[in-house]
Amino acid sequence: MSAFDITEGGTPVDGAAWIAGGTTMVDLMKLGATAPSRLFDLGAQRDALSGISETSDTITLGALTTMADAAKHPAIRGLTAVHTALVQAASPQIREMATLGGNLLQRTRCSYFRDTRQPCNKRVPGSGCPAIGGEDGHHAVLGGSAQCIATYPGDFAVVCVALGAEITIRASDGSERKIPVQDLHRRPGATPHTETALQTGDLITAIHLPKGGAQSYIKIRDRASYAFATASAAVVLHMDGAMVTSARIALGGLATVPWRAATAEHVLKGSMIDQKTAFAAGEAALQDAHPTLTNAHRVELGIRAVAKAILSARGNSV
Amino acid sequence: MTLCINGADYPMPNDPRTTLLDHMREKLNLTGTKKGCDHGQCGACTVLVDGKRVLSCLQLAQTVRGDVTTIEGLSKNDTLHPMQAAFLEHDAYQCGFCTPGQIMSAVACVSEGHAGSDAEIADWMSGNLCRCAAYPQIRAAIASVAQAEAEG
């Protein structure tokens, strides 16, 4: 690890970073994939920026709430997709450490990004992308560019996008703004090193989850527990009897960002849910995928994850 | 600033890069906690902070807030913690390298209420890998402690 110092007061400027649970940050610092000059420890703000409150239509979580504490809360247990995404993420130990705000900002698991002996446009802009044409079995089939195909690995953000959740961001001047989680992550395009809409010194302080809707999160992974999504889908349905009046669908594990599948939503809207419409929506969700020989199977897994999540959400409707 | 580990106060490391794991093993002579992958993937370094299980390899020592309990802090004098005794009873290890982390995680698994069935134990112990694959014996040890606690 390169040298840095830790401080509690103030706000990061260029080259410095916040540290919350540290589960991604310390790992990447050991690898040398990131090397902040100074860490601003959010530990002292834990009490102020954690906890869960609710109104009739929204659950608000402090951004420093741990994933474990959030999953335990009765209000979150009522949001099936959120609860599933939280308890199926990482390991119990990591969930005790990791905060919700930090989890939204989890970095890619791309092995080239993590290996500093390799070029990587995300880590060293302009150095190249060996994943393209390389070992791309886990890479994105949606949202990639000629510069980067690194997969966004998280679960919670995918459900946030399906729910239409928002975050509050506090800027270094103390001002606050709210944005949809859907606008937080940026597709790589020509600037894969710019991963989010956050500016230097910005801090996510809260996450706002809308209540309501029949929902489900289906995560397909290589082992039964403690693995990143090979493909995942979050679905939130509003129904009038058996008919879908509105649907929101997001994909995880398949794209460079938490992926809103708007085409699939249009397929479902106004339809009755059965196996046929569920799979039609799944196919629509993946219709723009760019698979390669080694990751084409994940397109099929994505289709099935969407279909299963739709059928499961309908089963969860009341 | 000091670190409270197993009820005793220890000095903080000066270097902010030092993890809780390295500090305990290299400076404090607390070598019960093991270093496996050093990247948060294997669970060998699991300790409790204020009763919650965390990975000491991903925790910078200077950012620790709370009282740390390690495998050295579980037994009372010569009396093993029930989970330690259960691991012996059920032969829940071969080489033993992952065992301190397994036991710390197991103690938390039971106290969290996540030891209600074999499948639940498997899911909530998935952050602790065992290359000897003593998983059935580990789950049996945990189930026996959970059952004994439930019976009071």
Side-chain angles (χ1 to χ4, degrees), chain A residues 1-8 18-33 35-47 50 64 66-69 71-72 84 87-99 102 106 109 114 221 223-228, chain B residues 1 12-22 35-66 101-102 104-115 119-129 135:
Chain A
M1 244 189 268
S2 61
F4 61 90
D5 66 11
I6 298 178
T7 182
E8 279 183 1
W18 298 108
I19 183 167
T23 52
T24 292
M25 181 67 81
V26 175
D27 175 36
L28 291 176
M29 288 170 69
K30 287 183 182 189
L31 293 169
S37 56
R38 172 174 276 196
L39 292 178
F40 287 75
D41 180 15
L42 289 163
Q45 299 188 52
R46 263 293 158 93
D47 289 343
S50 62
L64 293 183
T66 63
M67 296 173 78
D69 282 344
K72 272 187 287 210
T84 303
V87 297
Q88 292 190 357
S91 69
Q93 294 97 314
I94 290 173
R95 298 196 296 266
E96 291 284 12
M97 304 174 77
T99 65
Q106 178 172 21
R109 303 295 299 184
R114 292 171 60 81
R221 41 191 170 172
R223 52 187 181 193
S225 185
Y226 192 17
F228 290 100
Chain B
M1 285 244 291
M12 276 284 186
N14 291 323
D15 191 328
R17 291 175 291 187
T18 310
T19 61
L20 175 61
L21 175 64
D22 284 343
K35 182 188 276 197
C37 70
D38 206 27
H39 284 278
Q41 297 173 10
C42 76
C45 68
T46 302
V47 300
L48 306 182
V49 176
D50 288 344
K52 293 179 174 178
R53 43 176 159 167
V54 302
L55 300 170
S56 60
C57 77
L58 291 183
Q59 180 83 55
L60 297 173
Q62 290 188 5
T63 66
V64 173
R65 283 180 166 72
Q102 296 279 2
M104 298 314 291
S105 202
V107 167
C109 182
V110 172
S111 69
E112 293 160 7
H114 291 138
E120 188 182 27
I121 294 170
D123 191 20
W124 287 84
M125 288 298 292
S126 63
N128 292 82
L129 306 186
Y135 296 113

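The model shown is predicted, which means the values in this text are computed figures rather than measured ones. Computed over heavy atoms, backbone and side chain alike; hydrogens, waters and symmetry mates excluded. Convention: sequence-line order gives letters A, B, ...; per-chain numbering from 1.
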Checklist outcome for this item: One option among Ala224(A), Gly43(A), Ser91(A) has the most heavy-atom pairs under 4.5 Å with chain B, and it is Gly43(A)
Checklist entry - Taking it one step at a time, do Gln93(A) and Asn128(B) satisfy side chain to side chain donor-acceptor pair (under 3.5 Å)? => result CA-CA 9 Å; Gln93(A) 294 97 314; Asn128(B) 292 82; 2.8 Å; yes
Next on the checklist: Between Glu8(A) and chain B, with a heavy-atom cut-off of 4.5 Å, which part of the residue counts as in contact: side chain, backbone, both or neither?
Outcome noted: side chain
Next on the checklist: To the closest 0.5 Å, what do you measure between CD (Gln59(B)) and CE (Met97(A))?
Outcome noted: 4.5 Å
Next on the checklist: With a 4.5 angstrom heavy-atom cut-off, is it the side chain or the backbone of Arg38(A) that approaches chain B, or both, or neither?
Outcome noted: neither
Item to check | Contact origin within Asp15(B) toward chain A - heavy atom pairs under 4.5 Å | outcome: neither
Checklist entry - Side chain, backbone, both or neither: which part of Leu42(A) has a heavy atom under 4.5 Å from chain B? => result neither
Checklist entry - Taking all atoms of both residues into account, what is the closest heavy-atom pair of Gly40(B) and Tyr226(A), and its distance? => result O-OH, 2.7 Å
Checklist entry - Heavy-atom distance under 4.5 Å to chain B: side chain of Ala68(A), backbone, both or neither? => result neither
Next on the checklist: Counting heavy-atom pairs closer than 4.5 Å to chain A, which one of Met125(B), Arg17(B), His114(B) comes out on top?
Outcome noted: Arg17(B)
Checklist entry - Quick one: OG1 on Thr7(A) to CD on Gln62(B), what's the gap to the nearest 0.5 Å? => result 10.5 Å
Checklist outcome for this item: When the 4.5 angstrom heavy-atom criterion is applied to Glu112(B) and chain A, the contacting part is side chain
Checklist entry - Should Leu60(B) and Val26(A) be marked as a side-chain contact (heavy atoms from CB on, under 4.5 Å) after you check the CA-CA gap, both sets of side-chain angles, and the distance that decides it? => result CA-CA 8 Å; Leu60(B) 297 173; Val26(A) 175; 3.9 Å; yes
Checklist entry - Is it the backbone or the side chain of Arg65(B) that comes under 4.5 Å from a heavy atom of chain A, or both, or neither? => result side chain
Checklist entry - Where on Leu39(A) is there a heavy atom nearer than 4.5 Å to chain B: the side chain, the backbone, both, or neither? => result side chain
Checklist entry - Given the options Leu28(A), Leu31(A), Ile19(A), Asp5(A), which has more heavy-atom pairs under 4.5 Å with chain B than any of the others? => result Leu31(A)
Checklist entry - Do Asp41(A) and Thr63(B) get their side chains close enough for a donor-acceptor pair, meaning under 3.5 Å? => result no
Item to check | Under 4.5 Å from any heavy atom of chain B - which part of Arg46(A) | outcome: neither
Next on the checklist: At a 4.5 Å cut-off on heavy atoms, which part of Thr24(A) comes close to chain B: side chain, backbone, both, or neither?
Outcome noted: neither
Checklist entry - After noting the C-alpha distance and the side-chain angles of Lys30(A) and Cys57(B), does the key distance pass the side-chain contact (heavy atoms from CB on, under 4.5 Å) rule? => result CA-CA 10 Å; Lys30(A) 287 183 182 189; Cys57(B) 77; 3.9 Å; yes
Checklist entry - Heavy-atom distance under 4.5 Å to chain A: side chain of Cys109(B), backbone, both or neither? => result neither
Next on the checklist: Using heavy-atom distances under 4.5 Å, tell me whether Ala227(A) contacts chain B through its side chain, its backbone, both, or neither.
Outcome noted: neither
Checklist outcome for this item: Here the pair of heavy atoms bringing Pro16(B) nearest to Phe4(A) is CG-O, 3.0 Å
Item to check | Closest-packed option against chain A by number of heavy-atom pairs under 4.5 Å, given Leu55(B), Asp123(B), Thr46(B), Val64(B) | outcome: Leu55(B)
Checklist entry - Quick one: of Glu96(A), Met29(A), Lys72(A), Gln88(A), who has the most non-hydrogen atom pairs under 4.5 Å with chain B? => result Glu96(A)
